[in-house]
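Down below is the structure, laid out as structure tokens.
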Amino acid sequence: MDMNMKTAIALALTVAASWAHAEKIGDVSTAFKWVGPDHKIVVDAYDDPKVRGVTCYVSRAKTGGVKGMVGLAEDKAEASIACRPVGPITFTGPLPKEEEVFSESLSPLFKKLRIVRMVDKARNTLVYLTYSDKLIDGSPQNAVTAVPVDRAMVIPTK
């Protein structure tokens, strides 16, 4: 694969990652780099597109240095998630039992951070799982959080 093709793929993946609609909340530097940005832990907010009033906060590592500066760094697979009600919870329509609600590229080619919403009807709760889909042996790094929905409101499902 020639350099122009690699550049085009990296650019396309960067644009696709921006469709996730993450809002940067902040970051902290974790390691100083002489050239390029420092390594960081970033915190982003994602509003659930089908559940108004629920926001998920995800913290993850962001690689700095020269590779991080030009967008070729591979970020760590670890992430933490906390989803919370931030207003009245309403639904834009029926929810499937399980659905990927966000996806963001963590490397130029293969690794993505994913957030999946699951409906726990028995407990009237929305469960959010974050994980990296990097091809590795064993289970990928993951984290889970839950948002209870008022018992007076039934979660509409497909």
Side-chain angles (χ1 to χ4, degrees), residues 9-30 37-64 68-69 71-158:
I9 290 172
L11 180 61
L13 290 172
T14 301
V15 169
S18 69
W19 295 336
H21 303 293
E23 178 184 340
K24 183 177 176 182
I25 301 300
D27 60 57
V28 294
S29 293
T30 58
D38 293 345
H39 294 319
K40 299 177 184 290
I41 296 174
V42 298
V43 177
D44 295 321
Y46 299 85
D47 293 324
D48 189 321
K50 291 187 179 176
V51 183
R52 289 189 189 108
V54 172
T55 298
C56 294
Y57 298 91
V58 177
S59 68
R60 61 183 176 80
K62 180 104 175 114
T63 304
M69 183 172 59
L72 296 176
E74 184 164 323
D75 294 333
K76 300 266 187 204
E78 300 93 6
S80 178
I81 187 170
C83 297
R84 299 292 185 262
V86 294
I89 295 176
T90 59
F91 303 94
T92 61
L95 303 177
K97 182 154 178 61
E98 183 177 303
E99 177 179 28
E100 182 175 288
V101 291
F102 308 108
S103 177
E104 183 175 351
S105 179
L106 296 179
S107 74
L109 293 178
F110 300 112
K111 186 171 31 174
K112 286 189 175 187
L113 175 73
R114 298 182 184 275
I115 301 174
V116 175
R117 178 194 341 96
M118 300 173 192
V119 177
D120 180 355
K121 291 243 353 145
R123 292 162 193 82
N124 216 44
T125 299
L126 300 171
V127 178
Y128 293 86
L129 168 72
T130 186
Y131 68 97
S132 169
D133 65 358
K134 182 177 179 182
L135 301 175
I136 56 174
D137 290 334
S139 299
Q141 294 285 331
N142 62 86
V144 68
T145 187
V147 177
V149 177
D150 187 343
R151 286 274 182 203
M153 179 184 297
V154 176
I155 300 172
T157 56
K158 292 182 181 177

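All residue numbers in this chain count up from 1 along the given sequence.
Nearest approach of C83 to V147, heavy atoms of both residues: O-CG2, 3.4 Å. Nearest heavy-atom pair across T125 and P148 is OG1-CA, 3.9 Å. Nearest approach of Y128 to I115, heavy atoms of both residues: CD2-CG2, 4.3 Å. Contact between P49 and T92 at its shortest, heavy atoms only, is O-CG2, 4.0 Å. Of all the heavy atoms in P96 and V119, the pair that sits closest is O-CG2, 3.6 Å. The two residues G93 and P156 make their nearest non-hydrogen contact at O-CG, 3.7 Å.
Put simply, the side chain of V54 does not reach to within 4.5 Å of the side chain of V86, judged on heavy atoms. Annotation: side chain of V51 is in contact with side chain of I89 (closest heavy-atom distance under 4.5 Å). Taking 4.5 Å as the limit, every side-chain heavy atom of L113 sits out of range of all side-chain heavy atoms of F102. Side-chain contact between Y46 and T55 is absent, with no heavy-atom pair separated by less than 4.5 Å.
A salt bridge (Lys or Arg N to Asp or Glu O under 4.0 Å) check over residues 87-103, counting only residues at least two apart or in different chains, returns the pairs K50-E99, E99-R117, E100-R114. Among residue pairs with one or both ends in residues 79-93, none qualify as salt bridge (Lys or Arg N to Asp or Glu O under 4.0 Å); sequence neighbours excluded. For residues 145-158, the set of pairs meeting the salt bridge (Lys or Arg N to Asp or Glu O under 4.0 Å) definition, not counting sequence neighbours, is empty.
Here the side chain of K24 pairs no donor or acceptor atom with the backbone of V42 at under 3.5 angstrom. The backbone N or O of V149 sits less than 3.5 Å from a side-chain atom of N124, completing a donor-acceptor pair. D47 places no side-chain N or O within 3.5 Å of a backbone atom of R52 that could act as its donor or acceptor partner.
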